Structure formats: C-alpha cells, structure tokens
Amino acid sequence: MSKNLIKQGAEARVYTTPFLTRAAIAKERFRKTYRHPLLDKKLTDRRLVQEARCLVKCRNIGVDVPAVYFVDLENRTIYMEYIEGKTVNDLLADGAAITTEESDELAKKIGEALAKMHAAEMIHGDLTTSNLMIRDVNKSLAIIDFGLSFITSCSVEDKAVDLYVLEKTFLSTHPHAHHLFLTILKVYGESYNNAKSVLRKLDEGK
Amino acid sequence: MKSNTNVLIALGLEGSANKVGVGVISHDLSTGAVEILSNIRHTHITPPGTGFLPRDTAAHHREHILPVLTEALKVAGIETEDIDVICYTKGPGMGAPLISVAVVARTLSLLWNKPLVGVNHCVGHIEMGRQVTGAENPVVLYVSGGNTQVIAYAEQRYRIFGETLDIAVGNCLDRFARVLNLPNDPSPGYNIEQYAKRGEKFIELPYTVKGMDVSFSGILSHIESIAPDLLSRNECTPEDLCFSLQETLFAMLVETTERAMAHIGSKEVLIVGGVGCNLRLQSMMAQMAEQRDGKVFATDERYCIDNGIMIAHAGLLAFRSGYTTPLENSTCTQRYRTDEVFVKWRE
C-alpha cells in the first residue's frame with residue numbers, strides 16, 4: 001500500500017492512501033516526543049474521537065464533509081474519503097475567473113453549510129477558505145479538516161469566533177472578495193434561527 | 001571616557017516586577033558591534049509562602065536603585081557624559097515599582113541633560129533575546145511571572161498570535177510554590193524546577209488550549225485543591241506535583257508555539273522571559289522543533305530574568321531610529337501590549 005505525505009501541520013501528518021478499493025486520506029496525529037506519554041495519549045485520543053464524532057454528526061445532519069472510513073486509535077489515524085475538487089481558496093485566487101453569479105452561488109452554499117453546522121452546536125475551529133471545497137462531481141460544498149472541531153453547549157461566542165476566523169482569511173487572503181463574505185453572513189443570518197446573537201457577538205469583537 | 005563618536009551608549013533602568021536592574025550597553029554604528037558594559041540587578045525576595053506586593057516592591061526598588069546604578073556605572077567604566085540616552089521601562093508591570101524607577105530615570109535625564117526613551121518591557125525581552133542568540137525572525141514565546149504570549153514579527157510590529165486568557169504561566173508556578181511553601185530564593189520557579197527533576201509519577205491535570213490561546217487559572221485551582229489531600233494520603237510527593245504541573249503547563253506552551261510556527265511557516269523559536277530559563281521548557285521546545293526541522297534559541301538567567309540591559313538595548317534601537325520620549329510624556333503604564341509598539345528599527 002503506498003502512502004504519500006501531502007501535508008504536515010502542527011497536529012497531524014496527512015497522507016493519501018488507498019483504502020480498500022477507494023482513494024482515501026489518512027490523517028495521523030503523530031506522537032509528540034516532547035509531551036509526557038500519558039498526556040500525549042490522552043490528548044490524542046480525545047481529539048481523534050472528537051474529530052471523528054464531528055465528521056459523523058455533520059454527515060448525519062446533511063452537512064457535506066469527508067466520509068469517515070475507519071478510526072485507528074492505536075495508530076492515531078483517521079481514514080476518510082478523498083474529495084476530488086478545488087478549495088475555495090483556489091477558486092478565489094488571483095487570476096481565477098469567477099463571475100458574480102458563481103460567487104453568489106458559492107457564498108450561498110457556504111452560508112447555508114455553516115448555518116446548518118452551527119445549528120447542530122458544532123464548531124469547526126479552523127474555518128479558512130482552504131478548508132472549504134467544491135466537489136468536482138456535483139459542485140457540492142464540502143467542509144474539511146475538523147482537527148480542531150468540537151461540540152459546544154450553545155456557545156454564541158465559539159460560533160462567532162468561527163466566523164471571525166473565516167473573515168480574517170478573507171481580509172488577509174482575498175481582500176477583493178469581501179462582498180462574498182458579506183453574502184455568506186447574509187445567507188447565514190437567513191438560514192439559522194439563532195444567527196442574530198452570533199452576528200451581534202461577531203460585531204462586538206471588532 | 002569614550003573617544004569614538006560612532007559609538008552610542010545607553011543606560012537602561014528596569015523595575016516592572018520584583019527585580020530592580022541597571023545596565024549599560026554600547027552600539028558601534030560603524031561595525032554594528034553590540035557590547036554589554038554592565039548588567040547589575042537586585043531582587044526583592046519575600047519569605048516562603050508569600051508573593052511580592054506592589055508597595056513593598058516599590059520600597060525595595062527605591063532603597064536599592066542608587067547602589068545598583070552606581071555599581072553599573074562603575075563596572076561599565078564610563079563617565080556620565082559618555083551616556084547618550086537614558087532608557088526606562090514604561091510598562092507593562094506593577095504600577096508602584098514602575099514609577100519608583102521612572103522617577104530616577106527622569107531625574108537623571110534632567111540632571112545630566114540626556115534624552116529619555118520609554119521602553120516596552122516585552123519588546124525589551126524580545127530584542128535582547130534576538131541580540132544574544134542571533135535568531136533572525138523567530139516565533140517568540142514570551143513567558144514570565146506576568147506575561148505569556150506567542151509572538152511573531154510582521155510589518156513593523158510584534159504581533160500576538162496567542163496568549164494567556166487569565167494568569168501568566170510564571171504566576172501559576174509561583175503560586176503553586178507558595179502552596180508547597182517552597183523558598184522564593186533565588187526564585188519560586190527555580191525551586192519548582194529542581195523539585196520537578198525528582199518527580200516520577202504523572203498526575204493528570206486539566207489541559208486548556210483554545211486555538212492559540214491558553215488558560216492556567218483552572219489548572220492552578222485544581223492542583224491547589226487536590227494537593228493537600230494527595231500529599232496527606234502519601235499518594236504522591238511534592239516532587240511529583242511539581243513535575244506534573246510543569247509537564248502540563250509546558251506542553252500547552254509548546255503546542256501553541258508549534259501551531260504559530262506551522263501557521264506562519266517559521267522554523268525558529270526564541271524563548272524569552274523568566275520562565276524561559278527553565279531547562280525542561282527549553283528541552284521540550286527543542287524536541288518539538290526537531291520534529292519540524294526547526295531550531296530553538298534560548299538565553300540564560302542574565303537575560304531571561306528581568307534586567308536593565310534589555311531596556312538599554314531596546315531603548316537604544318528606538319533612539320537610533322529617531323525616537324525619544326519627551327519628559328512630559330515619560331509616564332508609566334501597567335497595561336502596555338507588545339503590539340502597541342511601532343518597531344521602526346526592523347525591516
């Protein structure tokens with residue numbers, strides 16, 4: 001079986017690998033040698049389970065995320081679906097031609113997906129445009145990398161932070177597409193009952 | 001007396017916490033050489049089980065600053081006319097101790113007719129760390145009794161990527177030292193470190209990382225509440241508790257530092273501030289860096305622990321870029337964020 005490293009983040013190494021008959025992603029939370037072994041195991045197990053739980057929960061409520069194939073606690077690895085598609089970061093990159101219609105459509109999909117996720121009390125924890133993808137096959141918006149995700153108890157603040165992180169990405173990486181972020185917020189506001197208090201919190205933070 | 005007019009000499013006065021320090025530094029503008037001419041310090045040490053209070057600390061500084069100053073000038077072997085600028089800590093820190101030192105800086109400025117530069121204490125630590133270690137553009141972990149920040153430089157400012165949401169890591173260690181009645185000499189953190197070396201059993205404690213931020217107050221309350229019971233039943237030793245506390249707190253610091261490194265794509269880490277002397281923290285950071293092909297820079301107690309020389313150094317950098325603090329603005333402030341300083345002297 002051939003494993004190809006595609007990314008090393010702070011938390012994990014991400015590989016592409018075949019899983020049974022399918023192309024898959026293997027995300028291994030590598031052992032941190034600096035951490036006491038007991039602490040390392042506790043943190044890794046907890047975060048691995050949290051990530052898998054959020055992915056499964058999202059899928060159950062109809063938010064498009066990679067399907068979880070297998071959780072290998074012993075080897076600290078989650079196997080999940082390999083999504084063929086482009087990240088929103090790529091779609092908005094300089095020179096990428098995107099029409100107003102397309103960008104409105106994109107903003108609508110993002111706003112709706114985030115609304116659904118937050119309505120189910122899930123916080124992504126690292127919402128950047130690199131973690132939002134459009135599938136090649138059906139143009140569905142998929143949210144990826146739930147490595148820092150968690151389930152809250154109705155925290156308005158955590159949700160506002162999620163949006164704030166996304167806004168920061170827009171400001172720093174896609175300054176020309178700020179209108180798109182505003183449309184995302186508009187759609188988010190329309191699709192989620194509790195959006196008002198989250199958006200108010202987001203405003204307060206500025 | 002100095003003969004070379006290309007050499008600038010700065011006097012630095014620091015007293016934001018329980019150390020009063022005076023340092024003299026010279027920058028040779030033609031060669032770029034930096035020379036530390038003197039670095040004298042006196043620490044206010046309180047009995048075991050107690051912390052240091054602003055009022056007593058200010059009294060300590062008032063009592064010791066003139067002997068420390070005289071000694072610093074003597075060791076440096078300079079005359080007052082050799083000094084080009086007087087630098088003092090503007091903040092952050094404890095109000096009364098800061099003021100007790102600023103008064104001296106202002107008086108000297110008037111007495112000797114020298115310009116003043118008010119320095120941000122955190123920026124002092126960072127610049128001194130960069131100078132001593134040669135780290136070019138590191139992610140900085142600034143950890144002390146009053147501060148805990150993960151910092152990186154971008155566009156003329158030291159930006160704060162992560163920080164403590166409540167108490168500083170050094171404060172957490174110091175306050176636990178009081179619970180165990182460890183001496184404050186030379187510092188409570190140092191004694192915790194020695195105890196931790198002999199600890200074996202790992203006691204599970206809360207672990208609070210939120211993105212790039214950390215929180216310590218819950219950990220302190222938890223360990224304070226379980227310690228008496230565990231100790232009285234001989235379930236663990238004070239050494240085990242120190243060990244577990246250090247392992248947990250430092251793992252949180254290393255984790256957030258690593259996240260900042262991954263985020264900005266940096267391979268260097270610089271540790272500054274009093275807790276930065278801790279060898280266990282340094283070695284954990286080194287292990288993390290090794291797993292990422294990176295490198296750790298750290299300094300020893302002369303520069304990690306608050307000192308006058310870092311104030312002189314950062315103040316002189318600002319002075320060279322054309323900055324001075326007019327007498328009427330030479331105030332102190334307890335709150336002074338690292339990212340408020342416009343860093344004109346860097347690319």
Side-chain angles (χ1 to χ4, degrees), chain A residues 5-14 27-47 50 76 89 123-131 145-152 155 157-169 171-173 175 205, chain B residues 139 141 150 154-155 159 161-162 165 196 199-213 219 240 243-267 269 271 280-294 296:
Chain A
L5 183 68
I6 55 172
K7 191 185 149 199
Q8 168 159 351
E11 298 284 316
R13 297 192 181 105
V14 181
K27 185 170 174 184
E28 182 203 354
R29 288 180 179 266
F30 57 97
R31 227 186 87 64
K32 304 281 173 133
T33 51
Y34 69 81
R35 248 180 337 223
H36 190 280
L38 285 177
L39 180 60
D40 191 56
K41 180 155 174 40
K42 181 183 94 170
L43 290 174
T44 306
D45 287 0
R46 190 208 288 164
R47 289 171 181 179
Q50 228 164 7
R76 320 158 146 252
N89 186 37
I123 307 300
H124 183 275
D126 190 19
L127 269 184
T128 64
T129 47
S130 308
N131 287 337
D145 192 357
F146 279 69
L148 294 174
S149 66
F150 56 99
I151 296 170
T152 78
S155 165
E157 188 170 333
D158 288 333
K159 291 170 192 169
V161 170
D162 243 2
L163 297 178
Y164 176 66
V165 170
L166 185 62
E167 180 171 21
K168 271 208 289 196
T169 326
L171 289 175
S172 60
T173 323
Chain B
V139 166
L141 176 67
V150 180
E155 293 169 24
R159 317 259 166 192
F161 276 71
L165 300 169
E200 282 164 8
K201 187 173 167 189
F202 182 74
I203 314 281
E204 219 178 278
L205 297 171
Y207 184 95
T208 339
V209 167
K210 301 182 180 187
M212 285 202 224
D213 294 330
I219 302 175
D240 293 336
F243 167 71
S244 308
L245 184 61
Q246 269 197 187
E247 290 299 309
T248 306
L249 300 182
F250 294 170
M252 291 163 56
L253 296 174
V254 176
E255 176 175 350
T256 44
T257 306
E258 179 170 20
R259 206 165 283 155
M261 287 171 80
H263 187 77
I264 65 170
S266 167
K267 296 250 177 217
V269 200
I271 314 177
R280 177 61 186 145
L281 175 60
Q282 292 183 8
S283 94
M284 285 169 77
M285 198 61 91
Q287 279 173 293
M288 178 277 281
E290 196 186 322
Q291 283 189 302
R292 315 187 54 83
D293 281 327
V296 176

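First the proteins, then the strands, lettered A, B, ... as listed; each starts at 1. Predicted model, so just to flag it, every value in this text is computed and none were measured.
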Could you grab the distance from atom CD1 of A/Ile151 to atom CD of A/Gln50, nearest 0.5 Å is fine? 7.5 Å
Nearest 0.5 Å please: distance from the OG1 atom of B/Thr248 over to the CZ atom of A/Arg35.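 Rounded to the nearest 0.5 Å, the OG1-CZ separation comes to 11.0 Å.
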Across all chains, not counting sequence neighbours, the side chain to side chain donor-acceptor pair (under 3.5 Å) partners of B/Gln287 are none
List in chain and number order the residues that pass side chain to side chain donor-acceptor pair (under 3.5 Å) with A/Thr44, two or more places apart in sequence or in another chain; answer none if no residue qualifies.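 Side chain to side chain donor-acceptor pair (under 3.5 Å) list for A/Thr44, sorted by chain: A/Arg76.
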Below 4.5 Å from any heavy atom of chain B, which atoms of A/Phe30 appear? Answer side chain, backbone, both or neither.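 The side chain, not the backbone.
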Give, as side chain, backbone, both or neither, the part of A/Leu148 having an atom under 4.5 angstrom from any heavy atom of chain B.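 For A/Leu148, the contact with chain B is made by the side chain alone.
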Flag yes if more than 12 heavy atoms outside B/Gln291 fall under 6.0 Å of its CD atom; otherwise flag no.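 Yes - once you tally the heavy atoms of other residues, nucleotides and ligands closer than 6.0 Å, there are more than 12.
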Do other residues, nucleotides or ligands put more than 12 heavy atoms under 6.0 Å from A/Lys168 NZ? no
Results of ring pair (Phe, Tyr, Trp, His ring centres under 6.0 Å) for A/Phe146 - residues two or more places apart only: A/His124
Heavy-atom pairs under 4.5 Å with chain A: which of B/Glu290, B/Arg292, B/Met285 has the most?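 Answer, by heavy-atom pair count under 4.5 Å with chain A: B/Arg292.
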Do you know which of A/Gly9, A/Pro37, A/Ala10 has the most heavy-atom pairs with chain B at a distance under 4.5 angstrom? A/Ala10
Among A/Leu38, A/Leu43, A/Asp40, who wins on heavy-atom pairs under 4.5 Å with chain B?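 Top option by heavy-atom pairs under 4.5 Å: A/Leu43.
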Check B/Gln282, B/Arg280, B/Met288 against B/Met284 for a side chain to side chain contact (heavy atoms under 4.5 Å, CB included) and give me the one that passes.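 Exactly one option meets the side chain to side chain contact (heavy atoms under 4.5 Å, CB included) with B/Met284, and it is B/Arg280.
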Taking only heavy atoms into account, what residues of residues 199-206 of chain B are found under 4.5 Å from chain A? B/Phe202, B/Glu204, B/Leu205
